[in-house]
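In what follows, a structure is listed as C-alpha cells, so that the remarks can point back to it.
Protein chains get the first letters and strands the later ones, always in sequence-line order, with residue 1 at the start of each.
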Amino acid sequence: MVYSSSSIWSEYKFNTKFYYFNHQLIFFIIGLIIMIILSKINYKDYYKYANKLLFICFILLILVLIPGVGQIRNGSRSWFGIGSLGVQPSEITKLALIIFTSKYLSQNEKDVRSFKKGIFPILLVIGLFFILIMLEPDFGTAMVIIATIFAMLFVSNIKTSFFGYIGLLGLIGISSLIIIAPYRLKRIVSFINPWSDPLGSGFQIIQSLYAIGPGGLFGLGFGNSIQKHFYLPEPQTDFIFAIISEEFGIIGITLLSILFIIIFYNTIKISYNHQDLFAKYLSFGLIMGLIIQTILNIAVVIGLVPVTGVTLPFISYGGSSLLVSMASIGIILNIANNNKHNL
Amino acid sequence: MFHYTIQKRIRIIYYLILLVFIILIIRVLYLEIFASKSLNNLANDLWARNLPILADRGKILDRNGIVLADNITTTSLIVIPSQIKNKEKVARDISKILKTDYINIYSHLTKHTSIERIHPEGRSLSYDIAQKISDLNYDGVYLLKESKRYYPYKDYLSHVLGYVGIDNQGLSGIELEYDEYLKGNDGKIKYFSDGKGQRLNLSEIYEEPISGNNIMLTIDLKIQEIIERELSNVVTKYNPEKALILVMNPNTAEVIAMSSRPNFDSNNYKIYDIETLNRNLPIWATYEPGSTFKIITLASAINEGKVNLFEDHYYDGGSIMVENARIKCWKHGGHGSETFLQVVENSCNPGFVVLGQRLGTKTLYQYLNNFGFGKKTGIDLNGESSGIMFKLENMGPVETATTAFGQGISVTPIQQVTGVSAAINGGNLYKTYIVKSINEGLTNNVIKLNHPTLVRRVIKEESSKLVRYALESVVQNGTGKNAYIENYRVGGKTGTAQKVKDGKYMVGNYIVSFIGFLPADKPEYLIYVAIDNPKGITQYGGTVSAPVAKNVMLSIIDYKGYPKVLTDKTREYTWLDQKYIKLPDVIGLTKEEAKKQLKGFSLEYSGSGEKILAQLPEGNTYIKENSTVKLMLN
C-alpha cells in the first residue's frame, strides 16, 4: 500500500518509484526483528527500567529541540536524522510514558483515589512531556499520548468526578480561546464545511474526500488512484487511508477495519483477564495508544477532525511510527504469553 | 474487588472505543456509497481538463434558403503549458512559423493556466501554417478546428444580420437576438491530468459539439439586392445624410427587404463608427412622417363614414384657420374646389385638417393607436424605437389638425409600413416579423415556424378597398405620378417631412419619402423609401423618392413576372360610375318611416313587428346605391 500511494511522489522526488517502499521495507524487517526480540523479553523488566527509559526520552526530547541536532521536517523539529532515515523521539516517548504510567498506577494502587497523592504527580510528569512535544510541535502525537494516558487513568480506580472537572476545564479553556481570538471559530467552521475555504484550510480535507468518494464498492484497483497524482498531499503518510479507500473501495476499508478490531479485541481480552496489575495497565495502554492513533487518523481523513498529522499505525509510511507500533505488539505478545504461564 | 472495578472500566472503554471506531467506519462507508456520485463528479471536474471543440454556428438564410451568414472553417492554436517540456525550443519554433516574436509566444507557454489560447496570432490559421505546426509534433501543442463567421454579401442587409465577436458570440442584429439558437453547444475532448497538469494515462472522453440552428429570414435576397442597388444609386446621385428602403408583404407584415445608408460590412465591422453600427434606421429612426401619414387619416375617416371621397367637396383657399393658428397648404394659393379624392391626390393639407376635424380628436387618436403608432411593432431585432405621440389629454384642435397630415408626431419607418399595410390589406394589423423559421442546423428541417400574427382588425374590408383606390389615383393623377408604371397597377403616397432641429423646423432640409404598393388591387409588396436631405434637387417626395420606389417596383415586377394589366381609363371596376350614398340610421323608427328614408335601397326584413331593432350595414355609412339593407323587426 505504501508502494502504491507513494510511487508517484517518490518518482517525482527521487526518480524511482520504490524509494518510500524500500525504506518502509527495511523498517518493516527491523520492526519484525524488534517485535520478536521484545516478545521474548519479560515485560516485568520494563517495570524496573521504566524511570530510566523515561529519563532517556526526556533527554532526547530536549536534544531534538536544539537546532542542528534535531531536524525540521514538515514544519516540526521532531526528527533525528540518521542518513536519510529519520527517528522521532516523540514516538518512543509515547511507549516510555505508557510504561511509566502503568508502573505508577500499579505501584500506587491505593493512592489513586486521592487527587493530591495519586493523580497530581502523574499529571505533572505528563504535562512536562506534553509541553516538550508541543514545542516541536507535534500536536498529533501529543494528543494521542494525552488521550491514552487519560484512558489509563480512567481504568485505574480514579474517582469519576475527576473527569467531570477535567471536561469542564477543557470546555472553559476552549471557550476562552475562542473569545480571545475569534479567528479560531472560523477554523472550526472551515473544518465543518471545508468548501467554505477550498484553497486554504479546507484544501486537504476536500482532496481527501475526493479520494474516498469515488472508491465505490471495489475501488479503482491497486495502483489506480488519481488523487495520489499530486492532488492529495502526503498520500503515503497521513492520508494513506483515503488512498486505500480510492483503490480498494468499501471492501478494502471493511477488511482493514476488521483487522484493526481483531487486534484491539484480542489485546483488550488479554488486559481484561491478566492477573498482574502492571501487565493489565501496560497492555491496555499500548493498545489504546494504537487504536486512538488509528481513530484520530481516520477522523482526520474523513474530515471529522482538523488535520493533526497522525499516521495510520502499521499502514502509513514512516519508520518510527512503524517500529513503535510493532514494538507495542511485541510487548503485548510477551504479556499474553506470561499470563498463560502464570495460570 | 479492585480488579473488578478495573475490569468494569476496561469494558466501558472497550465499548466506547469500539463505538467511535464503528461510527467512523460507517461515515467512510456513507461517503463511499451515498456521497460517492456527487464527490465523484466534483473530483472529475478537478481531474479533467477540457480541450474545447467549438460548435458550428447556425447559418442565416433568406426565405429561399440562400445563405446570408456562413462559416469558414479555420484552425486555432492552443497550448497546455504544463505538458510542454522544452518551452524555449517550442516557443522558438512556433514564433518562427507564426512570424511573431519569441517573447510573446514564450509568455503564452509559461502562463499558469490549464489551457492557453495563442491569441490573436494563433487564431484563424491557414492550412499551410497549421500543417507546419502539426508536423512539429510537440507535446502540449494542439490545433483545434474553429469556424469563423463569413458574410458572403458583405454590406448587404448588414444591420439586420448584425455581426459576431472573436469568439463567435452574437453582438448585434439577428446574430445577437437569436444567439441562443445560433450558437449551438461546444463539444470537448476531456482528458485527465494530475495535480501538476501532466496528462494521465487514462482514456479521453470525446463530447461531440452540436451545431447551432439555422435562422431563415423572411428576407428575399433578390429584392434585398434591388433595394441595396437603388440605395447606392441614391447615395451617388443625391449624397443624402441618410436613406432607407423597406419592403414588406402587407398581407402578413413580413419584412421582405430592408436596408439603409450609411451601412457597414459585417465581416469587418470594427472599422465603422458606433453610430453606423448601432442605428438600424428602418426601425430606429423616428421623425415626422409628413404626407405619407395621411393614408392613416384617410383610412380612419373612410372607416368612420366621415367622408364620401367622390361626393363631398372641399374648397381649399390655401390655408385653414384652426383656433388661432393658420395652417397653410403646401401649394401656394391652394387647390380651389376639389372632391376629397382630389384632396388625397393633391395631398392637400387643409383638406386633411377637415378630415381630422370630422373624426374628432378622440377617434383619430384611437385609430392611431389601433394602427400601431406610439409603440414598438415588436419586430425580432434589437434597437427598435417606439416613436413619439401626443398624449390624448394634450391633444387640442391644433394638434389634431397637424397630426391629420403627418406633423407633430414622430414615427419609425417600420411603424408606418406596418400601419399602412393594415390600411391596404383589408384592414388587419399584423405583428411585424423578420424570422420565418428556426431550422435544425445539419438537416435544415424546420423546428419552429413563425406565422403571421393578427394584432387586431383596424378598418373594414370595404374601407381598405377605398383606401387602395384613392392611393392608386394618387399615382395616376396626383402627386405620386413619378411612380406611375404603365400597364401595371400601382398605388402610393408621397411625403415631404420637415426636420426639427432645436425645436424649430429646418429650412430646405427635408426627409422626402414615398410609400407605394403593387399590385394596387391586391397588394403583395409595400415599398417605403425615405431619403434624408438629398442634395441638388427640389426636396419633394414626389420628385426624389417616387422615382426610386418606381425603380424598385419595376425590378420586383421583372423578378416576380407580374403580367401586364390594362389600367388607366379602362379599369376593372369604375368607381366613379357607381354612386355611393349615405345610409341613414333607422333604428327605433317604424317600418313605414324607415321605408321612406331608405329610398334607393332594396330592403330585406326579418321578423314581423313594426319597430326596427337593428340594421345591416350600420347607419351613417356610405354604401353603393341599390345595395341591400337588412332590417330586423321586433
### Query
Just how far is it from atom CD1 of I6(B) to atom CZ of F154(A), taken to the nearest 0.5 Å?
12.0 Å

### Task
Look up atom CD in Q7(B) and atom CG in N273(A), then write down how far apart they are to the nearest 0.5 Å.
7.0 Å

### Query
If you count the non-hydrogen atoms of other residues, nucleotides and ligands that lie under 6.0 Å from OH in Y178(B), is the total more than 12?
yes

### Query
If you count heavy-atom pairs under 4.5 Å between each of L18(B), I13(B), L29(B) and chain A, which one has the most?
I13(B)

### Query
What part of F241(A) is in contact with chain B, defined as an atom under 4.5 angstrom from a non-hydrogen atom: side chain, backbone, both or neither?
side chain

### Message
Would you say that more than 12 heavy atoms from the other residues, nucleotides or ligands in this model lie under 6.0 Å from the NZ of K148(B), or not?
### Response
no

### Message
If you count every heavy atom of other residues, nucleotides or ligands that lies below 6.0 Å from Y102(B) atom OH, does the total exceed 12?
### Response
yes

### Message
So which residue, I292(A), T254(A), T294(A), I250(A), ends up with the most heavy-atom pairs under 4.5 Å with chain B?
### Response
I250(A)

### Task
Can you tell which part of F284(A) gets under 4.5 Å to a heavy atom of chain B, answering side chain, backbone, both or neither?
side chain

### Message
Quick check: Y272(A) with Y14(B) (ring centres under 6.0 Å apart)?
### Response
no

### Summary
So, the part of I291(A) with a heavy atom under 4.5 Å from chain B: the answer is side chain

### Message
So for I10(B), is it side chain, backbone, both, or neither that comes closer than 4.5 Å to the heavy atoms of chain A?
### Response
both

### Minimum heavy-atom distance between I302(A) and R27(B), given as atom pair plus value
CD1-CG, 3.2 Å

### Query
Does the side chain of I268(A) reach to within under 4.5 Å of the side chain of I17(B), using non-hydrogen atoms?
no

### Task
Could you pull out the closest heavy-atom pair between S257(A) and I25(B), with the gap in Å?
OG-CD1, 3.0 Å

#### Entry: Part of I295(A) within contact of chain B (heavy atom distance under 4.5 Å)
both

